[in-house]
Structures are given as C-alpha cells and as structure tokens.
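In the text below, chain A, chain B and the rest are named by the order of the sequence lines, each starting its count at 1. The figures that follow rest on heavy atoms only: side chains count, while hydrogens, waters and symmetry mates do not.
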Amino acid sequence: MKIQVPKGTQDILPGEVEKWHYVEAMMRKVASQYGFQEIRTPLFEHTELFQRGIGMTTDVVEKEMYTFEDKGKRSLTLRPEGTAGAARAFIEHSYAARPQPTKFYYIGPIFRYERPQAGRYRQHHQFGVEVFGSPLPIADAEVIILALDLFSRLGLTELTVKLNNIGCPTCRQSYRQVLIDYLTPRADNLCADCRNRLTRNPLRVLDCKQDGCGAIVANAPSITDHLCQDCRDHFSRVLDYLRAAAVRYEVDPKIVRGLDYYTRTVFEIVYSGLGAQSTVCGGGRYDNLIETVGGPATPGVGFGMGIERLLLTLEKNGCYLPGERGPDLYIAAIGDAALEQAFAAMYGLRQAGVHVVTDLMGRSLKAQLKYADKIGARYVAVLGEAELAAGQVQLKQMQGGEDWVIAWSDLADWLTEKLGLEANKEEVR
RNA sequence: GUGGGUGUAGCUCAGCCGGUUAGAGCGCCAGGUUGUGGCCCUGGAGGUCGUGGGUUCAAGUCCCAUCACUCACCCCA
C-alpha cells in the first residue's frame, strides 16, 4: 500500500503555496492596521480546555476532536478551533492586567475529525481575530468590518453577512423553555436528530434543514421576541455601527452557531458558490468564555476564517492570486571553467537581490536554454569560452528575445537596474 | 457515523457484446548544427489496469469484498 496523506489533509505544493503567502500577508497587514497583534499558541492543548470552552454537548467536542493520551497520561487534543487557546493564553499571561482591550490574531492549522468534502478538511487553516475585554457593540462591529475589509482588499465584494442575536445565558434560558414548550407537543413530526436536540440543545433545531422540521420551525416563537432589553440594545447598536460603515447585512434568525460559548451577536459571512460549505467566516461574541475556562470575567468577540474556503472563493471569483515565479536570471555556462566562474558569481548576484540559478544537471547549452524557458527565467546569461576570454557575457531576455553583450563585471549592476530592484523591497503584491 | 459516484502511465483520459504484446494527448529525458529556448520532427523511460477473492478455456472488461478518492447528509471554517 502506497503511503498517502491522511484522509482530509493535503500538501500545499509550489505554485499553490504562493497564494497562501499572498493571503496570509494581507491578513497580517489588515489585522495589524486594525491594531491586532499576532499570537501563536500550541496546536494541542489539554482536552479539558475545549470541553469546558466549546461545550460538552457540541458536535465538535462529542465526535470531532483528535484526542490522544501522551506518555505522561495527559489527555491532549489537537485544537478544533482557535479561540479557546487564545483565551487560555490571555488568562495564563495575565493580559487582563494590561491596558484593555486585548486584540489578538492568529493564522494556523485547525483539526477536526469529520468526513471530508468540498471545502472541508480534517486539517484546515484559519485566520482568526479575538477582541478580549470590550463588552461594547462597537467591538462586534469592528471584527465584522475587519473581515469585510480583508475580503474587499482581496477583490471579493459579493459576500453576504448574516447575523443574529442569540442573547445572553439568562434570556436565552427563558427562550429555551418557550421553545421546548412549543416543540414538545410537535416532537412526533421532528426528525430523529431534532428529537434528540430537543432535550440536549433545543436551539439547534432552529437550523435543521429537514423539510418537516423547517415547517415547524417556521412558526416557532422567535428568539428576537424573548431577549432581554440589554441584549436587544446591544444588537441594535451593532447594526447601527454596520449601517454607519455602509455594510450590507442580513439578519437571519436561523443562525445558531455550533459552539456553546457564543452570546448575543453571532455572524457568518457566506459565499454561495462553494457547494455545500458556504461559510467562509464565522464568529460572534463570547462574554462568558474566559470565565468558563478559569479566568477573570472578561467579555470577548471574534471570528474564524477558513483559508482553504477563502482561496476557493477567490478562485471562483477570478480574483488576483500569484503563481509560481521563475528566477530573474539563469546562467547557461559552457564548459567547466565557465561553470566555475558562474557558480562563484552567483553569490554576489544574490547579495544584490537577484534571483539566479545555474545548471545543476550537466546539460548541453540547448538543453539549458530549454530548461531556463520552462522554469520561466526572465533573463539568461550565456557564458562560454569566448565570453570568458573577453571578460564579457551575452545576456538574453527570454520573453522578447532581445540580447546584449556586456562586461562580466557589470552584470550585477546591469541586472539590478533592468529588473528595477531595490534592496529588500517587500510588498504584498 | 449514513448514502451516491469514481479508481487504467506523473497529469487528463480511451479501451466496443470478456479474447492473446494495454493505448493516446500532455508532461519528463535525449537527439535533430559546430555554442542558443518557444514551433516542428525522431527516439526513450514510465503501468503488479487500487487491492484481495470468485466466475471463465480466457478478466482492465463480469460478480463479491475491501481500501482509497470524491460529492452529499450531520456539523462546521
């Protein structure tokens, strides 16, 4: 049996990895402009962190975690989302004692044991942001706007923001009872899953896609009519901020996120062209999470964005994405003496910022040129006995076919000028 | 965990009602001038036909199982 990547994982190969660099660079840039700092937390944590943070009855904790015991008999789990680890770090390093709010962002792999399908992997990657310490609706609006700003800078504008208000533990509890009272007499017409949810997590019945359940849910009491005044005010202020920023949004009472820690605002940013998995970004407010996992009462709000799904969306929309980049220069050397000189010269050229390679395969001149063409080299320098004797080099521009003969000693200067190189110029595009 | 689809060369695929040495295009390597790429031509390397059983004189072709991939459900990014 050939060894392949484990189910639901994938290699990111040259040609593809440039796209990741590009979107990740944009994420870092935008997050930084919004005042977020990067945090890197372990890929695995104590299992208990996720059990307490995400909630024991959630699907993620019940059946999707990669949990294992290490040699010291500790139960550890590969992180199935990013917020819990960030919250743990916030507590562990006493960020509450620093000026608030605390604004973190992270980029990295997330693991969930699920059946893979289009846009879903067992190891996927998320860009996430968290604002700890602010209970105010402006913080909710800021993270949503950050996500939209990022999308728009990548060229995506046709995304839909859906949001909902799921209240605080207090008012959600009373709504929960109202919902149970409504659903129980109708339980016979619910699907098996929903009959189970009825006792364990009745809010989840609301976003069941089964026809029968949908019909019952359509007439169910709405959560919006049962929330406390504070929660309503909070949500309406969030919407005010979004309107002020000219954000188009849709309030969707059916959005109920799958993680228990959410309070008040929950939202998703969806793109319909992705197949069944249309959520590119999902998040919300979690005012009790920090306390639940053992920290000082601290509100928070954030989101996770799936990088694989983002890339799929960008591709479907024909947005700019970088591809493989060939070297600036390929040195085609003829004979050992020329190859030695070329080999020695490359060091200086690279110091000057030129991407340069030469023949590592012992090929003929013709084969070297073919190779230079295939890898997309912009210029080729031909160095043979004649050039060596004259202290010159023949330079050839591959795309136009133009060529020049210049002094070997001028090569670096000539190229840096021709390529418009400036030392260490790093731009996102 | 449940259901559907698909497994033939590195990639995309052909292979008719089972029939003898398993093919194409692209890609890869080499050559077609003595030191010049793209186009064209020639040659070459590369396949236990996913795996294991079964039916048959004969299986890439039919049957069963299994594994993998894929799409969808559940749920999520």
note: A:Lys374, atom NZ; B:G10, atom P; distance rounded to Å ~ 18 Å
Could you tell me whether [X] contacts a base, only the sugar-phosphate backbone, or nothing, with contacts defined as non-hydrogen atoms closer than 4.0 Å?
{"X": "A:Glu387", "answer": "base"}
{"X": "A:Glu268", "answer": "nothing"}
{"X": "A:Arg122", "answer": "nothing"}
{"X": "A:Gln399", "answer": "base"}

Sort out the partner of [N] for me: Watson-Crick or G-U wobble, both distances under 3.5 Å, none otherwise.
{"N": "B:U21", "value": "none"}
{"N": "B:U36", "value": "none"}
{"N": "B:A30", "value": "B:U42"}
{"N": "B:A9", "value": "none"}

Take atom C1' in B:A22 and the same atom in B:G47, then report the distance between them in whole Å. 9 Å
Problem - Euclidean distance for C1', B:C64 against B:A14 (whole angstrom) - result: 27 Å
Result for 5'-nearest mapping on RNA chain B, choosing between A:Gly401 and A:Ala367, is A:Ala367
Check your understanding: Has A:Arg120 got a side-chain N or O lying under 4.0 Å from the OP1 or OP2 atom of B:A72?
Key -> no
> Between the side chains of A:Tyr241 and A:Asp140, does any donor sit under 3.5 Å from an acceptor?
Replying inline: no
